[in-house]
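In what follows, chains carry the letters A, B, and so on, assigned in the order in which the sequence lines appear, proteins first and then strands, with residues in each chain numbered from 1.
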Amino acid sequence: MPLTRDFFDRPVVDVAPDLLGRTLLRNTPDGPITLRLTEVEAYDGETDPGSHAYRGRTARNAAMFGPPGHAYVYFIYGMWFSLNVVCGPEGKASAVLLRAGEILTGTPLAADRRPKARSANELAKGPARLATALDIDRTLDGTDLCTGGDAPLSLLDGDPPAPERVRNGPRTGVGGDGADHPWRYWIADDPTVSPYRRHVPRRRATTAP
DNA sequence: ATTATGATGCTCT
DNA sequence: GAGCATCATAATC
């Protein structure tokens, strides 16, 4: 069964841990892939400087201001996509970044898209890897994840972990004033959770003086 | 094990 | 122009 609109129409820090263990279903042109979520991060557009929506609505983040339960997909670092689920009431732009998971079915399809993965655990171990494995790009931005069935992308109820298995800590790669929030959630000891990396400010090579 | 760096282009100021 | 919610690879301990 798909998760309901009401599931996502709650504070983002409540929805995020509740997404662990849920099933993400991606119907690709070549067939379905399912994934069990093991790692997520919450971004609160109202109060959180780490959120893409903190400075207001733009063309890129428009989906975050729409109804809950829809996808927000963005392009990053010139080559990757990341998948989020919009949470909270329409107009309050919060979202959960889906960071990692365990591929349950359609593993050959995922492996074809991730030729550099050295094990099944690496197929979706990180937000860009997850998006690559599941063939997710900006054409899915704004799509409804509560439809189920043959929809291109949906979130189903799945198999949540026992509450004592849920861990939380600071978010990966988030610096500045948003770094303090312990809004990364993962399943303890799960081999598909990505390694934590602290934010490192980096500047591209400048042109010669 | 950790730390560094190139790739690559869009978005916002 | 500066920075980016990353990945893969290489260098070094």
- Message: In this structure, how many angstroms lie between the P atom of B:dG9 and the CG atom of A:D137, rounded?
- Response: 16 Å

- Message: Looking only at the side chain of A:M79 (C-beta and beyond, no hydrogens), which of the listed nucleotides C:dC7, B:dC10, B:dA7 gets closest?
- Response: B:dA7

- Nearest-Å distance, CG (A:D141) to C1' (B:dT11)? 14 Å

- Task: Could you note down all residue pairs passing salt bridge (Lys or Arg N to Asp or Glu O under 4.0 Å) where residues 177-186 of chain A supplies at least one of them, sequence neighbours left out?
- Result: A:E39-A:R184

- Query: When you check the phosphate oxygens OP1 and OP2 of B:dG9, does a side-chain N or O of A:R138 lie under 4.0 Å from one of them?
  - Reply: no

- Message: Could you check whether the side chain of A:Y74 and the base of C:dA5 have a donor-acceptor pair of N or O atoms closer than 3.5 Å, going by distance alone?
- Response: yes

- Item | A:Y74 and A:H52 aromatic ring geometry - parallel, tilted or perpendicular at 30°/60° bounds | perpendicular

- Does any N or O in the side chain of A:E90 come within less than 3.5 Å of the main-chain N or O of A:F65, such that one atom is a donor and the other an acceptor? no

- Query: So, A:T105 and A:T34: side-chain donor and acceptor under 3.5 Å apart, yes or no?
  - Reply: yes

- Item | Atom pair distance, as rounded to whole Å: CZ in A:R197 and P in B:dA1 | 13 Å

- Item | Stacked cation flag A:R171 on A:Y196, 6.0 angstrom / 45 deg | no

- Message: From CG of A:L130 over to C1' of C:dA5, roughly how many Å is that when rounded to an integer?
- Response: 13 Å

- Phosphate oxygens OP1/OP2 of B:dT3: is one of them under 4.0 Å from a side-chain N or O of A:R198? no

- Between atom OH in A:Y196 and atom P in B:dT3, what is the gap in whole Å? 13 Å

- At under 4.0 Å, does any side-chain N or O of A:R99 touch on OP1 or OP2 of C:dT6? yes

- Report the C-alpha separation of A:T139 and A:D137 in whole Å, then their side-chain angles, then the decisive distance to 0.1 Å, and conclude whether the side-chain hydrogen bond (donor to acceptor under 3.5 Å, both in side chains) test is met. CA-CA 5 Å; A:T139 63; A:D137 63 24; 2.5 Å; yes

- Message: Let's test your reading of the pairing rules: Watson-Crick or G-U wobble, both distances under 3.5 Å, then write DNA chain B as a dot-bracket string with ( ), [ ], | and dots.
- Response: |||||||.||||.

- Task: Look at the side chain of A:H199 and the base of C:dA5, then say whether one donor and one acceptor between them are separated by less than 3.5 Å.
- Result: no

- Task: Give A:G50 one of three labels, base, sugar-phosphate or nothing, depending on what nucleic acid heavy atoms sit under 4.0 Å from its own.
- Result: base

- Task: Run the numbers on A:N121 and A:S119 for side-chain hydrogen bond (donor to acceptor under 3.5 Å, both in side chains), then give the verdict.
- Result: CA-CA 5 Å; A:N121 288 338; A:S119 72; 4.9 Å; no

- Is NZ or CZ of A:R10 both nearer than 6.0 Å to the six-membered ring centre of A:F7 and within 45° of the ring axis? yes

- Task: Report which part of the nucleic acid A:R118 touches: base, sugar-phosphate, or nothing (heavy-atom distance under 4.0 Å, all strands).
- Result: nothing

- Message: Nearest to the A:W80 side chain among C:dC7, C:dA8, B:dT11, which nucleotide is it?
- Response: C:dC7

- Task: Measure the distance from CZ on A:R202 to P on B:dG9 and round it to the nearest whole Å.
- Result: 17 Å

- Among C:dC7, B:dG9, C:dA5, find the nucleotide with the atom closest to the side chain of A:F75. B:dG9

- Message: Would you say the base of B:dG9 stacks on A:Y77 (centre-to-centre below 5.5 Å, plane angle below 30°)?
- Response: no

- Task: Grab the CG-P distance between A:L98 and C:dT6 for me, whole Å please.
- Result: 14 Å

- Message: With a 4.0 Å limit, can you tell me whether A:R60 has a side-chain N or O closer than that to the phosphate oxygens OP1/OP2 of B:dG9?
- Response: no

- Item | Nearest-Å distance for atom pair NE2/C1', residues A:H52 and B:dT11 | 10 Å

